Amino acid sequence: MALSIGIVGLPNVGKSTLFTALTKKGGLAANYPFATIDPNVGIVDVPDDRLGKLADIVHPGRIVPATVEFVDIAGLVKGANQGEGLGNQFLANIRETDAICEVVRYFKDPNVMREVGRVGEFVDPAADADTIMTELILADIQTLEKQLPKLEKDAKRDKELAPKLEIARRLSDWLNEGNRAATLDMTPEERAAAKGLFLLTMKPMLYVANVDEDMLGEELEPIDGVRPIPICAKIEAELSELDAEEAAEYLASLGLEQPGLDVLAQAAYKLLGLQSFFTAGEMEVKAWTVRQGATAPQAAGVIHSDFERGFIKAEVIAYDDYIELGGEQGAKAAGKLRMEGKEYVMADGDVVHFRFNV
């Protein structure tokens with residue numbers, strides 16, 4: 001399931017350093033605006049301790065975690081919605097992603113330019129986040145200004161477009177009041193109609209606070225109602241260059257239980273509304289990705305489209321039962337292996353075998 005999160009922020013907030021550490025891909029990190037022009041794309045493993053515990057039981061040939069795609073998008077600047085700083089191109093890159101991760105500068109470094117003409121240790125996370133949000137809102141206002149005349153014309157001929165026109169008008173008013181589209185009170189039907197408007201501020205958002213090392217233990221104030229994830233990009237970059245044992249020792253010396261990037265990958269997975277189910281056998285233990293609320297046939301289709309079309313039933317064991325009872329045979333003997341049909345909604349962590357016709 002190819003879903004992506006765009007990493008955005010003002011220039012020089014540490015986006016590319018974070019991306020490089022996150023993906024170990026080596027995106028360009030430099031101390032000047034627009035060092036990143038074309039978006040870098042990387043696939044990131046989602047850490048999941050459950051995979052190791054499943055592997056301890058079945059001893060597979062390999063372990064395959066779930067993944068999420070991150071896109072490193074060049075720094076936005078004030079006026080991006082009018083094309084400032086290649087803004088139109090960057091906004092188009094954001095539009096292609098499913099969610100937004102905004103990196104906000106909390107670190108103090110007089111050697112890293114904050115913005116053109118402003119140096120020193122001054123930082124203002126709230127103002128920086130507001131600058132980005134303003135640009136996204138202004139871009140959405142422009143999008144609706146272009147769409148509304150055509151929608152109004154088309155809705156006169158096609159009455160089924162009336163709900164989309166109505167929510168577009170409401171969103172236009174809401175955005176012009178300085179609000180993010182996603183915060184408008186909408187019914188499920190209105191939200192479904194709004195998706196077809198392709199607004200940037202309808203996308204789920206999370207925030208990363210790029211902090212100095214001594215701020216890692218601090219609880220930061222929420223941004224737009226969301227508490228930012230504190231990460232020191234410099235530390236994460238150093239960790240990405242170490243082997244597992246050295247990285248564990250380094251984390252312990254910092255008093256950290258896991259890298260901040262593990263926390264980010266897990267948060268991104270949840271932000272996209274995703275969950276995992278598992279297949280476990282001698283060949284591999286694998287985490288498969290489905291949307292929360294997916295049915296058993298839809299989950300089977302993630303493995304192969306033919307499996308969804310030919311779905312008969314799913315043999316399901318809850319993860320906790322699988323671990324507690326020592327695997328499939330123990331779960332089956334205890335009556336914990338269930339046969340589920342087409343209406344079954346997958347639970348996070350289900351261990352599954354599918355039966356199907358091909």
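Since we're looking at a predicted model, the values are computed, not measured.
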Can you list the steps and then say if Val352 with Glu315 is a side-chain contact (heavy atoms from CB on, under 4.5 Å)?
-> CA-CA 6 Å; Val352 187; Glu315 298 177 357; over 6 Å; no

State whether Arg169 and Glu152 are salt-bridged, where the test is any N-O pair (Lys NZ or Arg NE/NH1/NH2 against Asp/Glu carboxylate O) under 4.0 Å.
-> yes

Would you confirm whether Asp212, through its side chain, and Met215, through its main-chain N or O, come within 3.5 Å as a donor-acceptor pair?
-> no

Counting only heavy atoms not in Met339, do more than 12 sit closer than 6.0 Å to its CE atom?
-> yes

Determine, for Lys15 against Asp72, whether the closest basic-nitrogen to carboxylate-oxygen distance falls under 4.0 angstrom.
-> no

Can you list the steps and then say if Val46 with Thr289 is a side-chain contact (heavy atoms from CB on, under 4.5 Å)?
-> CA-CA 10 Å; Val46 179; Thr289 300; over 6 Å; no

Looking at Lys234 and Glu213, does any basic side-chain N land under 4.0 Å from a carboxylate oxygen?
-> no

Ring center gap for Phe356 and Phe307 short of 6.0 angstrom | yes

Output yes when a side-chain donor or acceptor of Arg170 lies under 3.5 Å from a complementary backbone atom of Met186, and no otherwise.
-> no

Report yes if some heavy atom in the side chain of Arg95 is under 4.5 Å from a heavy atom in the side chain of Thr97; otherwise report no.
-> no

Would you please test Ile231 and Leu261 for side-chain contact (heavy atoms from CB on, under 4.5 Å) and show each step?
-> CA-CA 7 Å; Ile231 291 178; Leu261 296 181; 4.2 Å; yes

Return yes if a side-chain donor-acceptor contact under 3.5 Å exists between Arg227 and Tyr207, otherwise no.
-> no

Is there a donor-acceptor pair under 3.5 Å between the side chain of Ser172 and the backbone N or O of Ala168?
-> no

May I ask you to decide whether Asp154 forms a salt bridge with Lys150, counting only side-chain N to carboxylate O separations under 4.0 Å?
-> yes

Counting distance only, does the side-chain N/O of Asp224 pair as donor-acceptor with the main-chain N or O of Val226 below 3.5 Å?
-> no

Decide whether Thr279 and Trp288 meet the rule of one side-chain donor and one side-chain acceptor closer than 3.5 Å.
-> yes

Closest non-hydrogen contact found for Ile63 with Pro65 is O-CD, 3.7 Å

Would you say Val71 and Ile43 are hydrophobically clustered, going by side-chain heavy atoms of ILVMFWY under 4.5 Å?
-> no

Any Val104 side-chain heavy atom under 4.5 Å of Asn210 side chain = no

Donor-acceptor pair, side chain of Glu102 and main chain of Met205, under 3.5 angstrom = no

For His353, the side-chain hydrogen bond (donor to acceptor under 3.5 Å, both in side chains) test, sequence neighbours excluded, returns Glu328

Can you tell me if CG on Asp185 sees more than 12 non-hydrogen neighbours from other groups inside 6.0 Å?
-> no

Within 45° of the ring axis of Phe107 and under 6.0 Å from its six-membered ring centre, is that where the NZ or CZ of Arg105 lies?
-> yes

Under 3.5 Å side-chain donor-acceptor pair for Thr67 and Asp45 | no

